[in-house]
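Inspection log for the structure reproduced underneath, given as C-alpha coordinates.
Since the model is a prediction, treat every value here as computed from it, not as a measurement. Values below: all heavy atoms of this structure, side chains included; hydrogens, waters and symmetry mates excluded.
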Amino acid sequence: SYNALYLYMEDGIPIRPAGLFNHNALYEINLAGTGDIEVMKGPASALYGSNAAGGAVNFLTRAPSAQPQAMLGVQSSDQGYRRLDFDASGSVGEGGLRIAGYQSTRRGGWQRYNQADKDSLSLRHDAPVGDAALLKTILSYNRLYTDMPGSLNETDYQQRPGFSYQNFTWRKVEAARLSTELEGSWNAGGVSTITAYARSNTTNQLPSYLIFNTGANSAVGRTTAQHFDSLGLDAHHKQSWGDSASVLLGFSLDNSPMQAQERNLAIVRDAASGSYTSFSAGSLRRDYEVDIYNRALYAQADWRITPQWKLQAGGRYDTVRYAYRNRLTPSATTGAPSESRSYE
(Lines give C-alpha, C1' and ligand atoms only; values in the text may rest on other atoms or scores of the structure.)
Protein backbone atom coordinates (compact mmCIF):
# COMPACT_ATOMS: atom_id res chain seq x y z
CA SER A 1 0.00 0.00 0.00
CA TYR A 2 1.05 3.60 -0.59
CA ASN A 3 -1.07 4.67 2.39
CA ALA A 4 0.17 5.54 5.88
CA LEU A 5 -0.76 2.16 7.37
CA TYR A 6 2.67 0.94 8.45
CA LEU A 7 5.61 2.43 10.27
CA TYR A 8 9.38 2.43 9.83
CA MET A 9 11.43 2.95 13.00
CA GLU A 10 15.06 3.14 14.07
CA ASP A 11 15.62 1.81 17.61
CA GLY A 12 11.94 2.32 18.36
CA ILE A 13 11.72 5.94 17.11
CA PRO A 14 9.71 6.57 13.91
CA ILE A 15 12.02 7.86 11.19
CA ARG A 16 9.25 10.21 10.00
CA PRO A 17 6.54 12.04 11.97
CA ALA A 18 2.83 11.35 11.69
CA GLY A 19 1.40 13.11 8.65
CA LEU A 20 4.58 12.90 6.54
CA PHE A 21 4.52 9.23 5.56
CA ASN A 22 6.59 7.97 2.63
CA HIS A 23 6.35 4.37 1.44
CA ASN A 24 9.90 4.81 -0.01
CA ALA A 25 11.32 5.66 3.42
CA LEU A 26 13.78 2.75 3.43
CA TYR A 27 16.17 4.96 1.48
CA GLU A 28 16.43 6.94 4.72
CA ILE A 29 17.86 3.91 6.59
CA ASN A 30 21.50 2.83 6.84
CA LEU A 31 21.31 -0.95 6.52
CA ALA A 32 25.10 -1.20 6.98
CA GLY A 33 24.64 0.01 10.55
CA THR A 34 21.74 -2.30 11.34
CA GLY A 35 22.22 -5.31 13.61
CA ASP A 36 18.66 -6.68 13.78
CA ILE A 37 15.29 -6.02 12.17
CA GLU A 38 12.00 -6.49 14.00
CA VAL A 39 8.92 -7.02 11.82
CA MET A 40 5.54 -6.76 13.54
CA LYS A 41 2.61 -7.89 11.39
CA GLY A 42 -0.79 -6.51 12.16
CA PRO A 43 -1.75 -3.65 14.49
CA ALA A 44 1.19 -2.41 16.53
CA SER A 45 -0.01 1.13 17.13
CA ALA A 46 -0.38 0.79 20.89
CA LEU A 47 3.36 1.07 21.45
CA TYR A 48 4.92 2.47 18.31
CA GLY A 49 2.86 5.10 16.54
CA SER A 50 -0.43 5.94 14.88
CA ASN A 51 0.87 4.86 11.44
CA ALA A 52 1.43 1.30 12.67
CA ALA A 53 -2.17 0.22 12.20
CA GLY A 54 -1.13 -2.44 9.67
CA GLY A 55 2.37 -3.26 10.87
CA ALA A 56 5.74 -1.91 11.92
CA VAL A 57 9.37 -2.47 10.95
CA ASN A 58 12.02 -1.57 13.55
CA PHE A 59 15.68 -1.31 12.49
CA LEU A 60 17.95 -1.85 15.49
CA THR A 61 21.42 -0.33 15.23
CA ARG A 62 24.40 -2.59 15.89
CA ALA A 63 25.85 -2.09 19.38
CA PRO A 64 29.55 -1.28 19.88
CA SER A 65 31.83 -4.25 20.56
CA ALA A 66 33.93 -4.71 23.67
CA GLN A 67 37.00 -5.66 21.61
CA PRO A 68 38.30 -3.72 18.59
CA GLN A 69 36.69 -4.80 15.30
CA ALA A 70 36.93 -3.58 11.72
CA MET A 71 35.38 -4.59 8.41
CA LEU A 72 35.83 -3.39 4.84
CA GLY A 73 33.72 -4.76 2.00
CA VAL A 74 33.74 -4.13 -1.75
CA GLN A 75 31.05 -5.08 -4.25
CA SER A 76 31.03 -4.74 -8.04
CA SER A 77 28.78 -5.95 -10.83
CA ASP A 78 28.90 -6.12 -14.63
CA GLN A 79 25.88 -3.77 -14.65
CA GLY A 80 27.85 -0.79 -13.35
CA TYR A 81 27.03 -1.10 -9.63
CA ARG A 82 29.83 -0.39 -7.14
CA ARG A 83 29.60 -0.40 -3.36
CA LEU A 84 32.04 0.11 -0.47
CA ASP A 85 31.01 -0.97 3.07
CA PHE A 86 32.90 -0.16 6.27
CA ASP A 87 32.44 -0.88 9.97
CA ALA A 88 34.70 -0.15 12.95
CA SER A 89 33.99 -0.64 16.64
CA GLY A 90 35.68 -0.77 20.01
CA SER A 91 35.64 0.43 23.59
CA VAL A 92 36.00 4.08 24.60
CA GLY A 93 36.60 4.43 28.31
CA GLU A 94 33.88 2.47 30.06
CA GLY A 95 31.65 2.63 27.00
CA GLY A 96 31.90 1.82 23.31
CA LEU A 97 31.73 3.44 19.88
CA ARG A 98 30.73 2.06 16.48
CA ILE A 99 30.87 3.73 13.05
CA ALA A 100 29.32 1.98 10.06
CA GLY A 101 28.22 2.94 6.58
CA TYR A 102 28.47 2.46 2.87
CA GLN A 103 28.84 4.37 -0.40
CA SER A 104 27.34 3.06 -3.61
CA THR A 105 27.15 4.20 -7.23
CA ARG A 106 25.43 2.91 -10.34
CA ARG A 107 26.63 3.86 -13.83
CA GLY A 108 25.63 2.16 -17.07
CA GLY A 109 24.15 -1.32 -17.17
CA TRP A 110 21.24 -2.71 -19.17
CA GLN A 111 18.86 0.18 -18.47
CA ARG A 112 19.11 3.63 -20.02
CA TYR A 113 19.11 6.66 -17.70
CA ASN A 114 19.58 4.80 -14.40
CA GLN A 115 22.43 6.50 -12.51
CA ALA A 116 22.21 6.51 -8.73
CA ASP A 117 24.36 7.39 -5.70
CA LYS A 118 23.75 6.48 -2.05
CA ASP A 119 25.82 7.48 1.01
CA SER A 120 24.95 6.24 4.50
CA LEU A 121 26.70 6.73 7.83
CA SER A 122 25.83 5.78 11.41
CA LEU A 123 27.58 6.56 14.69
CA ARG A 124 26.53 4.88 17.92
CA HIS A 125 28.01 5.56 21.35
CA ASP A 126 27.05 3.56 24.44
CA ALA A 127 28.09 4.64 27.92
CA PRO A 128 27.10 3.20 31.32
CA VAL A 129 25.54 5.56 33.84
CA GLY A 130 26.20 4.13 37.26
CA ASP A 131 25.44 0.47 37.76
CA ALA A 132 21.84 0.44 36.56
CA ALA A 133 21.57 2.58 33.41
CA LEU A 134 22.91 2.94 29.87
CA LEU A 135 23.10 6.10 27.77
CA LYS A 136 22.87 5.38 24.04
CA THR A 137 23.46 8.11 21.43
CA ILE A 138 22.91 7.53 17.70
CA LEU A 139 23.67 9.81 14.76
CA SER A 140 22.45 8.70 11.33
CA TYR A 141 22.88 10.36 7.93
CA ASN A 142 21.62 9.14 4.56
CA ARG A 143 21.91 10.82 1.16
CA LEU A 144 20.40 9.58 -2.09
CA TYR A 145 20.54 10.95 -5.62
CA THR A 146 18.97 8.91 -8.39
CA ASP A 147 17.72 9.24 -11.94
CA MET A 148 14.04 8.35 -12.37
CA PRO A 149 13.60 6.35 -15.58
CA GLY A 150 9.88 5.98 -14.98
CA SER A 151 7.44 3.21 -15.83
CA LEU A 152 7.64 0.55 -18.54
CA ASN A 153 4.75 -0.41 -20.83
CA GLU A 154 4.18 -3.87 -22.27
CA THR A 155 5.40 -3.06 -25.79
CA ASP A 156 8.67 -1.64 -24.50
CA TYR A 157 9.09 -4.60 -22.18
CA GLN A 158 8.84 -6.97 -25.13
CA GLN A 159 10.93 -4.96 -27.62
CA ARG A 160 13.25 -2.59 -25.73
CA PRO A 161 13.17 -3.21 -21.94
CA GLY A 162 16.08 -0.84 -21.26
CA PHE A 163 14.45 2.15 -22.95
CA SER A 164 13.54 5.24 -20.92
CA TYR A 165 11.31 8.09 -22.02
CA GLN A 166 12.98 10.26 -19.37
CA ASN A 167 16.19 12.28 -19.76
CA PHE A 168 16.09 14.71 -16.81
CA THR A 169 13.84 13.37 -14.03
CA TRP A 170 15.51 12.87 -10.64
CA ARG A 171 15.11 12.49 -6.88
CA LYS A 172 17.41 13.82 -4.15
CA VAL A 173 17.01 12.95 -0.47
CA GLU A 174 18.97 13.91 2.63
CA ALA A 175 17.89 12.50 6.00
CA ALA A 176 19.66 13.05 9.32
CA ARG A 177 18.63 11.88 12.79
CA LEU A 178 20.12 12.30 16.25
CA SER A 179 18.78 10.52 19.33
CA THR A 180 19.87 10.03 22.93
CA GLU A 181 18.31 7.30 25.03
CA LEU A 182 18.68 6.71 28.76
CA GLU A 183 17.52 3.27 29.88
CA GLY A 184 17.77 2.10 33.46
CA SER A 185 16.42 -0.31 36.02
CA TRP A 186 15.88 1.52 39.29
CA ASN A 187 13.40 -0.85 40.90
CA ALA A 188 12.94 -4.62 40.95
CA GLY A 189 11.39 -5.82 37.69
CA GLY A 190 11.17 -2.32 36.22
CA VAL A 191 12.85 -0.74 33.19
CA SER A 192 12.47 2.98 32.42
CA THR A 193 13.42 4.54 29.09
CA ILE A 194 13.48 8.17 27.97
CA THR A 195 14.59 9.19 24.47
CA ALA A 196 15.08 12.68 23.04
CA TYR A 197 15.52 12.97 19.29
CA ALA A 198 15.87 15.37 16.38
CA ARG A 199 15.21 14.78 12.67
CA SER A 200 15.96 16.77 9.53
CA ASN A 201 14.78 15.62 6.13
CA THR A 202 14.83 17.14 2.63
CA THR A 203 13.21 15.45 -0.37
CA ASN A 204 13.44 17.25 -3.71
CA GLN A 205 12.23 15.78 -6.99
CA LEU A 206 11.54 16.29 -10.63
CA PRO A 207 9.50 13.09 -10.70
CA SER A 208 8.64 11.02 -13.76
CA TYR A 209 5.19 10.19 -12.35
CA LEU A 210 4.14 13.87 -12.50
CA ILE A 211 4.75 14.27 -16.26
CA PHE A 212 1.61 14.26 -18.42
CA ASN A 213 1.33 14.50 -22.20
CA THR A 214 -0.59 17.45 -23.61
CA GLY A 215 0.20 16.89 -27.30
CA ALA A 216 2.47 15.08 -29.72
CA ASN A 217 5.34 17.50 -29.01
CA SER A 218 4.48 18.80 -25.56
CA ALA A 219 3.85 17.77 -21.97
CA VAL A 220 3.57 19.33 -18.54
CA GLY A 221 5.18 18.37 -15.26
CA ARG A 222 6.22 19.77 -11.93
CA THR A 223 9.01 19.74 -9.38
CA THR A 224 8.32 19.00 -5.71
CA ALA A 225 10.36 20.09 -2.70
CA GLN A 226 9.70 19.17 0.93
CA HIS A 227 11.70 19.79 4.09
CA PHE A 228 10.89 19.08 7.73
CA ASP A 229 12.67 19.34 11.07
CA SER A 230 11.56 17.49 14.18
CA LEU A 231 12.11 17.61 17.90
CA GLY A 232 10.61 14.82 19.96
CA LEU A 233 10.56 12.99 23.26
CA ASP A 234 9.44 9.48 24.13
CA ALA A 235 9.32 8.05 27.66
CA HIS A 236 7.94 4.79 29.00
CA HIS A 237 8.22 2.42 31.95
CA LYS A 238 7.76 -1.35 31.85
CA GLN A 239 7.06 -3.24 35.05
CA SER A 240 7.38 -7.03 34.98
CA TRP A 241 6.40 -9.69 37.49
CA GLY A 242 8.67 -12.57 36.55
CA ASP A 243 7.74 -14.12 33.22
CA SER A 244 4.02 -14.18 33.97
CA ALA A 245 2.89 -10.56 33.52
CA SER A 246 4.02 -7.05 32.60
CA VAL A 247 2.56 -3.58 32.13
CA LEU A 248 4.05 -0.78 30.01
CA LEU A 249 2.97 2.89 30.23
CA GLY A 250 4.36 5.70 28.10
CA PHE A 251 3.90 9.02 26.33
CA SER A 252 5.44 10.77 23.32
CA LEU A 253 5.73 14.35 22.06
CA ASP A 254 6.65 15.40 18.51
CA ASN A 255 6.85 18.83 16.87
CA SER A 256 7.64 18.82 13.14
CA PRO A 257 7.43 22.07 11.13
CA MET A 258 7.64 21.46 7.37
CA GLN A 259 7.77 23.51 4.18
CA ALA A 260 6.77 22.42 0.67
CA GLN A 261 6.81 23.84 -2.85
CA GLU A 262 5.70 22.67 -6.28
CA ARG A 263 6.64 24.42 -9.53
CA ASN A 264 4.99 23.93 -12.92
CA LEU A 265 7.10 22.81 -15.88
CA ALA A 266 6.61 23.12 -19.64
CA ILE A 267 8.17 20.08 -21.31
CA VAL A 268 9.25 19.44 -24.90
CA ARG A 269 8.46 15.96 -26.22
CA ASP A 270 9.93 14.22 -29.24
CA ALA A 271 6.95 12.89 -31.20
CA ALA A 272 8.91 10.16 -33.01
CA SER A 273 10.35 8.42 -29.94
CA GLY A 274 8.00 9.72 -27.24
CA SER A 275 10.97 10.88 -25.17
CA TYR A 276 10.89 14.05 -23.09
CA THR A 277 13.88 16.07 -24.21
CA SER A 278 13.89 19.37 -22.27
CA PHE A 279 11.87 21.55 -19.92
CA SER A 280 11.45 25.12 -18.72
CA ALA A 281 10.32 26.19 -15.27
CA GLY A 282 7.08 28.12 -14.85
CA SER A 283 4.98 29.45 -11.99
CA LEU A 284 4.73 28.16 -8.44
CA ARG A 285 1.86 25.73 -8.08
CA ARG A 286 2.14 25.20 -4.31
CA ASP A 287 4.05 27.07 -1.59
CA TYR A 288 3.06 26.40 2.01
CA GLU A 289 4.17 25.66 5.58
CA VAL A 290 2.64 23.25 8.09
CA ASP A 291 3.48 22.92 11.77
CA ILE A 292 2.62 19.39 12.92
CA TYR A 293 2.13 18.71 16.62
CA ASN A 294 1.64 15.13 17.86
CA ARG A 295 0.95 14.06 21.45
CA ALA A 296 0.30 10.48 22.48
CA LEU A 297 -0.34 8.28 25.52
CA TYR A 298 0.00 4.51 25.21
CA ALA A 299 -0.17 1.40 27.37
CA GLN A 300 0.17 -2.35 26.97
CA ALA A 301 -0.36 -5.28 29.33
CA ASP A 302 0.85 -8.85 28.84
CA TRP A 303 -0.28 -11.91 30.82
CA ARG A 304 1.23 -15.36 30.32
CA ILE A 305 -1.82 -17.57 30.92
CA THR A 306 -0.05 -20.85 30.19
CA PRO A 307 3.36 -21.68 28.69
CA GLN A 308 1.61 -21.84 25.29
CA TRP A 309 -0.78 -18.89 25.58
CA LYS A 310 -0.32 -15.18 26.21
CA LEU A 311 -3.00 -12.51 26.52
CA GLN A 312 -2.03 -9.02 25.35
CA ALA A 313 -4.05 -5.81 25.47
CA GLY A 314 -2.97 -2.34 24.38
CA GLY A 315 -4.33 1.13 23.85
CA ARG A 316 -3.12 4.38 22.35
CA TYR A 317 -4.53 7.91 22.32
CA ASP A 318 -3.14 10.42 19.80
CA THR A 319 -3.84 14.08 19.23
CA VAL A 320 -2.52 15.68 16.04
CA ARG A 321 -2.71 19.39 15.20
CA TYR A 322 -1.87 20.96 11.85
CA ALA A 323 -1.21 24.70 11.53
CA TYR A 324 -1.26 25.32 7.75
CA ARG A 325 -0.11 28.57 6.10
CA ASN A 326 -0.56 29.05 2.37
CA ARG A 327 2.03 31.50 0.99
CA LEU A 328 0.10 31.80 -2.29
CA THR A 329 -3.34 33.17 -3.07
CA PRO A 330 -5.69 30.25 -2.34
CA SER A 331 -7.34 28.58 -5.34
CA ALA A 332 -8.19 25.15 -6.74
CA THR A 333 -4.57 24.66 -7.87
CA THR A 334 -2.62 26.65 -5.26
CA GLY A 335 -4.32 25.10 -2.23
CA ALA A 336 -6.75 25.94 0.52
CA PRO A 337 -6.70 29.07 2.71
CA SER A 338 -4.50 29.05 5.80
CA GLU A 339 -6.10 27.24 8.74
CA SER A 340 -5.49 25.01 11.76
CA ARG A 341 -7.05 21.62 12.35
CA SER A 342 -6.92 19.11 15.19
CA TYR A 343 -7.59 15.38 15.19
CA GLU A 344 -7.95 12.84 17.99
Side-chain angles (χ1 to χ4, degrees), residues 4-40 44-64 98 100 120-127 133-142 173-184 191-203 228-238 248-258 292-300 314 316-320:
L5 300 176
Y6 47 99
L7 184 67
Y8 294 124
M9 299 174 291
E10 186 175 63
D11 287 86
I13 300 298
I15 66 172
R16 279 174 165 256
L20 293 175
F21 174 76
N22 187 350
H23 66 280
N24 287 319
L26 283 183
Y27 54 47
E28 299 167 10
I29 290 288
N30 175 22
L31 289 176
T34 298
D36 296 282
I37 303 175
E38 296 177 329
V39 179
M40 287 143 283
S45 58
L47 293 184
Y48 297 111
S50 54
N51 282 3
V57 183
N58 189 18
F59 295 85
L60 301 173
T61 55
R62 189 178 294 114
R98 179 179 292 275
S120 289
L121 178 68
S122 295
L123 290 169
R124 173 170 164 173
H125 180 258
D126 291 2
L134 178 70
L135 184 66
K136 179 176 70 176
T137 302
I138 301 170
L139 174 64
S140 177
Y141 174 79
N142 295 274
V173 178
E174 286 190 272
R177 294 180 298 275
L178 175 65
S179 65
T180 297
E181 174 189 287
L182 179 63
E183 180 179 275
V191 177
S192 299
T193 305
I194 182 168
T195 307
Y197 60 87
R199 295 179 292 228
S200 181
N201 185 297
T202 300
T203 302
F228 68 82
D229 295 304
S230 298
L231 291 176
L233 181 72
D234 182 89
H236 57 265
H237 177 80
K238 182 177 182 179
L248 186 149
L249 301 172
F251 70 90
S252 64
L253 312 172
D254 191 306
N255 288 350
S256 297
M258 65 88 68
I292 305 172
Y293 306 93
N294 184 204
R295 308 288 185 268
L297 298 172
Y298 56 89
Q300 182 165 296
R316 185 180 182 92
Y317 174 74
D318 278 271
T319 64
V320 182

Point-to-point distance, once rounded to the nearest 0.5 Å, from [atom1] of [X] to [atom2] of [Y]:
{"X": "Thr319", "Y": "Tyr293", "atom1": "OG1", "atom2": "OH", "answer": "12.5 Å"}
{"X": "Asp229", "Y": "Ser256", "atom1": "CG", "atom2": "OG", "answer": "8.5 Å"}
{"X": "Tyr48", "Y": "Leu7", "atom1": "OH", "atom2": "CG", "answer": "10.0 Å"}
{"X": "Phe228", "Y": "Met258", "atom1": "CZ", "atom2": "CE", "answer": "8.5 Å"}
{"X": "Ser200", "Y": "Leu231", "atom1": "OG", "atom2": "CG", "answer": "10.5 Å"}
{"X": "Arg177", "Y": "Glu10", "atom1": "CZ", "atom2": "CD", "answer": "4.0 Å"}

Set of residues satisfying side chain to side chain donor-acceptor pair (under 3.5 Å) with respect to [X], sequence neighbours excluded:
{"X": "Tyr141", "value": "Glu174"}
{"X": "His125", "value": "none"}
{"X": "Glu28", "value": "Arg16, Asn201"}

Check your understanding: Step by step, would you call Asp254 with Ser252 a side chain to side chain donor-acceptor pair (under 3.5 Å)?
Key -> CA-CA 7 Å; Asp254 191 306; Ser252 64; over 6 Å; no

Practice item. For the pair Leu249 and His237, evaluate side chain to side chain contact (heavy atoms under 4.5 Å, CB included) and give the outcome as yes or no after the intermediate values. Key: CA-CA 6 Å; Leu249 301 172; His237 177 80; 5.7 Å; no

With a 3.5 Å cut-off and sequence neighbours excluded, list the donor-acceptor pairs that the side chains of residues 31-40 form with protein atoms.
from  : atom 1 : to    : atom 2 : distance (Å)
Thr34 : OG1    : Asn30 : O      : 3.2
Glu38 : OE1    : Asn58 : ND2    : 3.0

Less than 4.5 Å apart, side chain to side chain, heavy atoms only: is that true for [X] and [Y]?
{"X": "Met9", "Y": "Ile29", "result": "no"}
{"X": "Asp11", "Y": "Lys136", "result": "yes"}
{"X": "Val173", "Y": "Asn142", "result": "no"}
{"X": "Pro14", "Y": "Arg199", "result": "yes"}

Practice item. Would you tell me whether Asn22 and Tyr27 have side-chain atoms, one donor and one acceptor, within less than 3.5 Å of each other? Key: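 Per modelled atom types, Asn22 and Tyr27 side chains form a pair under 3.5 Å.
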
Could you tell me which non-hydrogen atom of [X] sits nearest to which non-hydrogen atom of [Y], and how far apart they are?
{"X": "Val57", "Y": "Phe59", "value": "CG1-CE1, 3.6 Å"}
{"X": "Ala25", "Y": "Ile15", "value": "O-CD1, 3.6 Å"}
{"X": "Ala296", "Y": "Arg316", "value": "CB-NH2, 3.4 Å"}

Review point. What pairs with Tyr6 under ring-ring contact (aromatic ring centres under 6.0 Å, His included), at least two apart in sequence or on another chain?
Key: Tyr8, Phe21

Practice item. Applying ring-ring contact (aromatic ring centres under 6.0 Å, His included), name anything that partners His23, two or more places apart in sequence or on another chain. Key: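 With neighbours one apart ignored, the set is Tyr2.
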
Check your understanding: Is there a donor-acceptor pair under 3.5 Å between the side chain of Arg124 and the backbone N or O of Ile138?
Key -> no

